[in-house]
**Q** 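Following this message is one structure expressed as structure tokens.
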Amino acid sequence: MTYDIKVEDVARLENNFTYHSPLGDQPARYTDLRQAVKAVATSMMQNCPPSRELSLALTKLEEAVFWANAAIAR
């Protein structure tokens, strides 16, 4: 069985699975985000003992940067 895909879902798929080259001030915005999150990650590593919890927190920061970059790109 196959399902019909709504027009708005086709547009969403096209947007989400297409390369978006950086435009205008986007590269600077990516850099600003990475620097800000790197500062938080550095603070976490300085204040938290090595642990599974720290590793998870750092992974979540990486995920946050990924999704923020996607928001800028899309």
Side-chain angles (χ1 to χ4, degrees):
M1 173 182 261
T2 60
Y3 298 93
D4 292 329
I5 300 173
K6 297 177 200 168
V7 173
E8 60 269 17
D9 290 334
V10 171
R12 185 175 119 213
L13 291 172
E14 184 64 30
N15 185 54
N16 289 357
F17 294 98
T18 300
Y19 174 71
H20 300 274
S21 58
L23 303 172
D25 70 341
Q26 286 177 332
R29 291 160 56 198
Y30 295 137
T31 298
D32 287 348
L33 279 170
R34 283 192 306 271
Q35 288 175 345
V37 175
K38 183 180 176 183
V40 172
T42 300
S43 178
M44 286 179 165
M45 293 187 78
Q46 290 171 336
N47 290 288
C48 300
S51 61
R52 178 176 180 271
E53 292 79 9
L54 175 60
S55 294
L56 288 170
L58 293 170
T59 297
K60 297 301 180 185
L61 287 177
E62 290 176 22
E63 290 174 2
V65 169
F66 173 85
W67 288 115
N69 284 342
I72 291 169
R74 295 178 184 172

**Q** Does Asp9 have any side chain to side chain contact (heavy atoms under 4.5 Å, CB included) partners at least two apart in sequence or in another chain, and if so, which?
**A**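 With sequence neighbours excluded, Asp9 shows a side chain to side chain contact (heavy atoms under 4.5 Å, CB included) to Ile5, Lys6, Arg12, given in chain and number order.
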
**Q** Nearest 0.5 Å, what's the CG-CG distance between Leu61 and Leu56?
**A**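 One gets 11.0 Å once the value is rounded to the nearest 0.5 Å.
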
**Q** Supply the atom-to-atom distance Thr2 OG1 to Asp4 CG, rounded to the nearest 0.5 angstrom.
**A**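 Going from OG1 on Thr2 over to CG on Asp4, the span is 7.0 Å.
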
**Q** Tell me whether Val40 shares a hydrophobic cluster with Met45, the cluster being built from Ile, Leu, Val, Met, Phe, Trp, Tyr side chains joined at under 4.5 Å.
**A**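 As far as the 4.5 Å side-chain criterion goes, Met45 and Val40 are connected within one cluster.
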
**Q** Strictly distance-based, threshold 3.5 Å: is any side-chain N or O of His20 a donor or acceptor partner for the main-chain N or O of Ile72?
**A**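 Such a contact is absent between His20 side chain and Ile72 backbone.
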
**Q** In this structure, are over 12 heavy atoms from other groups packed under 6.0 Å from Arg74 atom CZ?
**A**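 Correct, the count exceeds 12.
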
**Q** Quick check for you: to the nearest 0.5 Å, what is the distance between Gln35 atom CD and Thr42 atom OG1?
**A**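 Output value for this atom pair is 11.5 Å.
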
**Q** Would a single hydrophobic cluster contain both Val65 and Tyr30, if residues Ile, Leu, Val, Met, Phe, Trp and Tyr are joined by side-chain heavy-atom contacts under 4.5 Å?
**A**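 Different clusters.
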
**Q** Determine whether more than 12 heavy atoms belonging to other residues, nucleotides or ligands lie under 6.0 Å from atom CD of Glu8.
**A**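 Counting other residues, nucleotides and ligands, CD of Glu8 exceeds 12 neighbours.
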
**Q** Which atom names give the shortest non-hydrogen contact between Ser43 and Asn47, and what distance separates them?
**A**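 Taking every non-hydrogen atom into account, O-ND2, 2.8 Å.
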
